[in-house]
Chemist: 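Quick one: the structure is below, questions incoming.
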Amino acid sequence: MPELPEVETTRAGVEPHVAGQRVRTVIVRQPQLRWPVSDALARDLPGQTIHAVRRRAKYLLFAADTGHVCLHLGMSGRLRVVPADTPVETHDHVDIVLENDTLLRFNDARRFGSLFWLTGDPHEFSLLSRLGPEPLSDAFDGAWLRARSAGRRTAVKAFIMDAAVVVGVGNIYACEALHMAGIHPRRTAGRIGRARYERLAEAIKQVLAEAIAVGGTTLRDYIGVDGDTGYFQLSLAAYGREGQPCPRGCGPIRREVIGQRSTFFCPVCQT
DNA sequence: AAAGCGCCCTGAAGGC
DNA sequence: TGCCTTCAGGGCGCTT
């Protein structure tokens with residue numbers, strides 16, 4: 001379940017191993033991911049050097065000579081750098097083999113992930129071009145949320161999970177940020193005032209930044225180690241804690257479905 | 001334009 | 001114990 005902190009952890013963990021490396025070959029064992037993997041990837045990428053690994057929302061962008069590899073981990077995707085002779089396991093769908101005898105291996109049990117070969121400006125790619133601001137950037141703040149919420153009758157929780165509003169806020173961190181900000185997840189987005197949106201924007205930044213910092217502890221032993229380690233180190237106040245007491249001492253955390261997603265909140269301190 | 005829902009897929013968990 | 005069902009989840013894209 002990679003959310004933005006895990007994608008960022010993956011980016012930071014992989015980049016030192018691949019930056020400056022030339023691609024020897026690309027092996028696509030299973031092209032049927034969220035979208036079919038284009039033949040152009042295996043055809044055009046070999047021989048090119050990977051210069052940097054960047055991130056936009058939950059997409060990783062590997063900058064090569066004439067284009068970018070754009071990767072989304074989906075729900076269950078994992079990316080590892082391993083020795084080139086590492087045995088293939090179930091759901092190892094794509095290898096990008098490097099000339100230093102290591103390879104970048106994409107494993108994805110549920111195949112909600114996706115892999116694209118993009119030429120031209122990757123930010124103009126249809127899936128990236130309409131995305132909202134990065135939550136940790138200065139472009140994202142309470143004023144932005146307030147402005148974008150005008151007239152919106154949807155629940156605030158669904159609103160902050162809308163990638164056109166702000167990227168990278170998945171179900172877990174939406175719940176946590178709303179709890180931190182003391183806002184009820186069902187509150188109508190368009191009827192929340194500026195001050196509360198300031199608090200919510202700060203909560204989103206804080207929750208994500210803390211999660212990235214925790215994910216960072218996984219970096220040191222990134223290769224060969226379960227990528228979910230950082231995730232489980234998070235101390236969740238609301239998510240997944242139905243029936244358990246709110247950390248503020250209010251009462252039991254409640255679970256309700258909002259926008260087809262399980263939502264955990266404290267009915268006392270979130271108003 | 002905005003909102004709601006179906007769908008892609010597999011593994012884990014729950015029920016009997 | 002084992003089979004069957006249900007659920008989880010990101011996010012695109014279709015429908016209303």
Side-chain angles (χ1 to χ4, degrees), chain A residues 1-11 28-38 55-61 70-79 89-94 106-116 118 122 124-135 145-178 185-192 204 207-208 211 226-228 231-232 234 236 238-243 253 255-264:
Chain A
M1 318 163 202
E3 295 220 23
L4 187 141
E6 284 186 333
V7 178
E8 177 57 28
T9 298
T10 298
R11 187 206 65 75
V28 180
R29 299 185 191 83
Q30 171 57 277
Q32 298 305 314
L33 304 181
R34 177 71 169 84
W35 282 276
V37 178
S38 158
R55 180 186 59 76
R56 173 69 174 118
K58 294 178 187 170
Y59 293 90
L60 291 173
L61 292 166
C70 178
L71 174 72
H72 196 294
L73 297 173
M75 274 295 305
S76 52
R78 289 155 189 260
L79 198 59
E89 296 180 12
T90 311
H91 308 309
D92 281 343
H93 301 317
V94 178
F106 178 61
N107 176 291
D108 185 6
R110 287 173 204 175
R111 284 193 270 139
F112 279 19
S114 53
L115 194 60
F116 304 94
L118 306 178
E124 291 177 13
F125 177 49
S126 59
L127 298 182
L128 303 184
S129 63
R130 295 178 198 87
L131 294 175
E134 289 287 328
L145 283 179
R146 175 75 175 134
R148 290 302 305 262
S149 66
R152 296 287 296 266
R153 306 182 67 82
T154 192
V156 63
K157 192 213 174 204
F159 173 68
I160 60 173
M161 290 180 68
D162 180 350
V165 173
V166 58
V167 301
V169 181
N171 197 38
I172 295 170
Y173 295 110
C175 291
E176 291 300 301
L178 286 166
R186 275 195 204 280
R187 190 161 282 276
T188 302
R191 294 185 182 175
I192 294 175
I204 289 170
V207 165
L208 291 174
D226 190 323
D228 276 350
Y231 170 78
F232 288 112
L234 289 175
L236 299 171
Y239 186 84
R241 302 190 66 241
E242 181 182 15
I253 295 292
R255 174 186 173 276
E256 290 181 16
V257 175
I258 300 176
Q260 297 172 293
R261 289 284 180 266
S262 275
T263 304
F264 299 87

Chemist: State which residues pass ring pair (Phe, Tyr, Trp, His ring centres under 6.0 Å) with Phe116(A); sequence neighbours excluded, sorted by chain then number.
Modeler: Trp35(A), Phe125(A)

Chemist: Starting from P on dA3(B), measure out to CZ on Arg261(A) and report it in whole angstrom.
Modeler: 17 Å

Chemist: Hey, could you give me the CD/CG distance between Glu124(A) and Leu118(A), rounded to the nearest 0.5 Å?
Modeler: 11.0 Å

Chemist: Surrounding CZ of Arg29(A) (heavy atoms of other residues, nucleotides or ligands, distance under 6.0 Å), is the total greater than 12?
Modeler: yes

Chemist: Leu4(A) CG to dG10(C) C1': how many Å, rounded?
Modeler: 13 Å

Chemist: Quick one: do Arg152(A) and Asp162(A) make a salt bridge, cutoff under 4.0 Å?
Modeler: yes

Chemist: Nearest whole angstrom, please: distance from the C1' of dG4(B) to the CD1 of Ile258(A).
Modeler: 14 Å

Chemist: Let me check the geometry of the helix from dA2(B)-dT16(C) to dC16(B)-dG2(C). What is the bend angle between the axes at its two ends, five pairs each, to 10°?
Modeler: 60°

Chemist: Please report the distance, rounded to the nearest Å, between CD in Glu242(A) and C1' in dC7(C).
Modeler: 14 Å

Chemist: Does Ser262(A) make a side-chain N or O approach to OP1 or OP2 of dC7(C) shorter than 4.0 Å?
Modeler: no

Chemist: Within the side chain of Arg146(A), is there an N or O that forms a donor-acceptor pair under 3.5 Å with the backbone of Ile192(A)?
Modeler: yes

Chemist: Going by the rule salt bridge (charged side-chain N to carboxylate O under 4.0 Å, His left out), which residues pair with Glu256(A) if we only count those two or more places apart in sequence or in a different chain?
Modeler: Arg186(A), Arg254(A)

Chemist: dG11(C) P sits how many Å from Leu131(A) CG, rounded?
Modeler: 9 Å

Chemist: Between protein and nucleotides 13-16 of chain C, what N or O pairs are separated by less than 3.5 Å?
Modeler:
none

Chemist: Go through it in stages, so that I can follow the logic: the residues are His72(A) and Leu127(A), the test is side chain to side chain contact (heavy atoms under 4.5 Å, CB included), and I'd like the CA-CA distance, side-chain angles, deciding distance and then a yes or no.
Modeler: CA-CA 11 Å; His72(A) 196 294; Leu127(A) 298 182; over 6 Å; no

Chemist: Just how far, in rounded Å, is P of dC9(B) from CG of Leu33(A)?
Modeler: 11 Å

Chemist: Nearest to the side chain of Tyr59(A), heavy atoms from C-beta on, is which of dC12(C), dC5(B), dG11(C)?
Modeler: dC12(C)

Chemist: For Ser262(A), does its backbone N or O pair with a side-chain atom of Asn171(A) as donor and acceptor, under 3.5 Å?
Modeler: yes

Chemist: Out of curiosity, Ile253(A) CD1 to Thr263(A) OG1, how far, rounded to the nearest 0.5 Å?
Modeler: 12.0 Å

Chemist: From NE2 of His72(A) over to C1' of dC9(B), roughly how many Å is that when rounded to an integer?
Modeler: 15 Å

Chemist: Which residues within residues 106-116 of chain A lie with some heavy atom under 4.0 Å of an atom in DNA chain C?
Modeler: Arg110(A), Phe112(A)

Chemist: Might you point out which heavy atoms bring Tyr173(A) and Ala211(A) nearest each other, and give the distance in Å?
Modeler: OH-CB, 3.3 Å

Chemist: Give me the residues of residues 146-170 of chain A where at least one heavy atom lies under 4.0 Å from an atom of DNA chain C, by number, or none.
Modeler: Gly170(A)

Chemist: Can you check side chain to side chain contact (heavy atoms under 4.5 Å, CB included) on Glu134(A) and Val167(A), steps first, answer last?
Modeler: CA-CA 6 Å; Glu134(A) 289 287 328; Val167(A) 301; 3.7 Å; yes

Chemist: Could you check if a side-chain atom of Leu61(A) sits within less than 4.5 angstrom of a side-chain atom of Leu128(A), using non-hydrogen atoms only?
Modeler: yes

Chemist: At what distance, to the nearest 0.5 angstrom, does CG of Leu4(A) lie from CZ of Arg11(A)?
Modeler: 11.0 Å

Chemist: Closest nucleotide of DNA chain B for His91(A) versus for Gln260(A): which of these residues is on the 5' side?
Modeler: Gln260(A)

Chemist: Report the C-alpha separation of Val165(A) and Ile160(A) in whole Å, then their side-chain angles, then the decisive distance to 0.1 Å, and conclude whether the side chain to side chain contact (heavy atoms under 4.5 Å, CB included) test is met.
Modeler: CA-CA 6 Å; Val165(A) 173; Ile160(A) 60 173; 5.6 Å; no

Chemist: Please give, in whole Å, the distance from dA1(B) P to Arg130(A) CZ?
Modeler: 11 Å

